[in-house]
Amino acid sequence: MNDAPLSKPRIARHYRLQWEPVQDCHVLLYPEGMVQLNRSAAEILMRCDGTRSAAAIVAELETAFATTGLADDVAHFLAHARDQHWIEHA
Amino acid sequence: MNTTGPPLWLLAELTYRCPLHCAFCYNPLDFADGAELATADWLRVLREARALGAVQCGFSGGEPMLRDDLEILVAEAHRLGYYTNLLTSGIGLDERRMAALRESGLDHIQLSFQDSTREVNDFLSSTRTFDRKRAVAAAIKRHGYPMVLNVVVHRLNIDHVDRIIAMAVELGAEYLELANAQYYAWAHLNREQLLPSRDQLARAEAVVADWRRRPDAPRIYHVVPDYYEPRPKRCMNGWGAVFLTVTPDGTALPCHTARMLPGLAFPNVRDRSVREIWYDSEGFNRYRGDGWMREPCRSCPEKTRDLGGCRCQAYLLAGDPAAADPVCTRSPDRVRVDAAIARAQDAGDGRPPAQPLLFRTPKASCALAGR
């Protein structure tokens, strides 16, 4: 298991994140499947591009939404995303 | 009340032509009349369905590689923002076309195998294709595609599940679909030879569970045969809820086997827009929601979970598409399912009954259609 705050997650190969206007949400597409994402999941996954560490993603989100204390929520979601094979590490 | 959401899945059945003759094919029995949409028709269908919201697009058949405009259709689907899936036997998928499809933006290839052995693969498909499929699997990985191996499971190969999973590992598949045959169309005709026994099924489930604990296993989707379940499947996630199938001649269906249902006129994309078809046609509205239900479904507390099951199965086993799916133990027609299960158990393990399999060939199709 990677050290979560320092690892640099990216969307897994063969997965695609895109905005779907008809569904009014971001979705994650993969072979013969789709996950509809809520706003916070999408905000995190949009930043999973293999260049930002988990800690950097937290800092960006806290700035963007003028809040603090998101580290636990982000770590929790990233662990879930990794279990689901949505993300991998650059 | 209008709660109809958009179609999310477009299954483009480009042709019913196929080099294989699988005895469990879900294509209609009378597939052989040959009319097919032109390239321009398909391009319009792709655009209209995407505008409605469809985002997963499967190119299927028959064998979609037999359409020489496949690359054009994949390129347009990719440009429109679909996630593009090719569902193929691998026959006709040579290096040149694999590269061209990659260039067109194809996202994923689902390759079918009939078994882990040459003998059973070639017998069930009535072709000599096993070695070719293995070569295609290697080429798919070489070209960097994700690969789903799809194996339809039934009495004649279910005891090979361990070797089938091992083959998927060896070929580098990301996903393995062990799809127990669903008994429609050709599989329904051949059900006595194909339905596994309860003992066979239990052994296969144990094998799958063992593999799932191993770190080297691919992701395994195991579709159990619904005959062995006490409640019906939530067929197509609801009639006209997310799936839109367009058949080779342009007929639009809420599922790929619905054409068999009597008393329903399904619309054709040659005559009507995809929007009209999805939202306004009798064929798509008839079994939406639960207003069409009768007892025992109407008052059932579980009706929103399984939506009454499958309309095609209700028609095939109870003779009435508006009946409860006879898989349900609350259905008065469950006895027919139990009788089929009992015969499968009596027949013992593995050995096919004496009656020959009927293979999916144009000749057999014409004979069944009385032509």
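Predicted model, so just to flag it, every value in this text is computed and none were measured. Below, chain A is the first sequence line, B the second, and so on; all start at residue 1.
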- Message: I'd like to know whether A:His85 forms a side chain to side chain contact (heavy atoms under 4.5 Å, CB included) with B:Glu174, so could you lay out the CA-CA distance, the side-chain angles of the two residues, the decisive distance to 0.1 Å, and finally the verdict.
- Response: CA-CA 11 Å; A:His85 306 271; B:Glu174 275 80 9; over 6 Å; no
- The reported gap from OH in B:Tyr82 to CD in A:Gln18 (rounded to nearest 0.5 angstrom) is 11.5 Å
- Could you tell me which portion of A:Glu20 (side chain, backbone, both or neither) has an atom closer than 4.5 angstrom to a non-hydrogen atom of chain B? side chain
- Which of B:Asp107, B:Val55, B:Leu87, B:Val148 touches chain A most, by non-hydrogen pairs under 4.5 Å: B:Val55
- Message: Given heavy-atom pairs under 4.5 angstrom as the criterion, report whether the side chain, backbone, both or neither of B:Tyr145 touches chain A.
- Response: backbone
- Using a cut-off of 6.0 Å, state whether more than 12 heavy atoms not belonging to B:Glu276 lie near its atom CD. yes
- chain A heavy atoms under 4.5 Å from B:Leu52: which part of the residue, side chain, backbone, both or neither? backbone
- Message: Tell me if the CZ atom of B:Arg275 is crowded by more than 12 foreign heavy atoms within 6.0 Å.
- Response: no
- Task: Enter the distance from A:Met34:CE to B:Gln56:CD here, rounded to the nearest 0.5 Å.
- Result: 7.5 Å
- Message: So A:Tyr30 and B:His108, do their side chains get closer than 4.5 Å, heavy atoms only?
- Response: no
- Output for pair (B:Tyr83 OH, A:Glu32 CD), nearest 0.5 Å, gives 9.5 Å
- Can you see which heavy atom on B:Pro6 is nearest to which on A:Val22, and at what distance? CG-CG1, 3.6 Å
- Task: May I ask you to check whether over 12 heavy atoms, not counting those of A:Asn38, lie within 6.0 Å of atom CG?
- Result: yes
- Under 4.5 Å from any heavy atom of chain A - which part of B:Pro146: both
- Message: Rounded to the nearest 0.5 Å, what separates atom CD in A:Gln84 from atom CZ in B:Arg219?
- Response: 6.5 Å
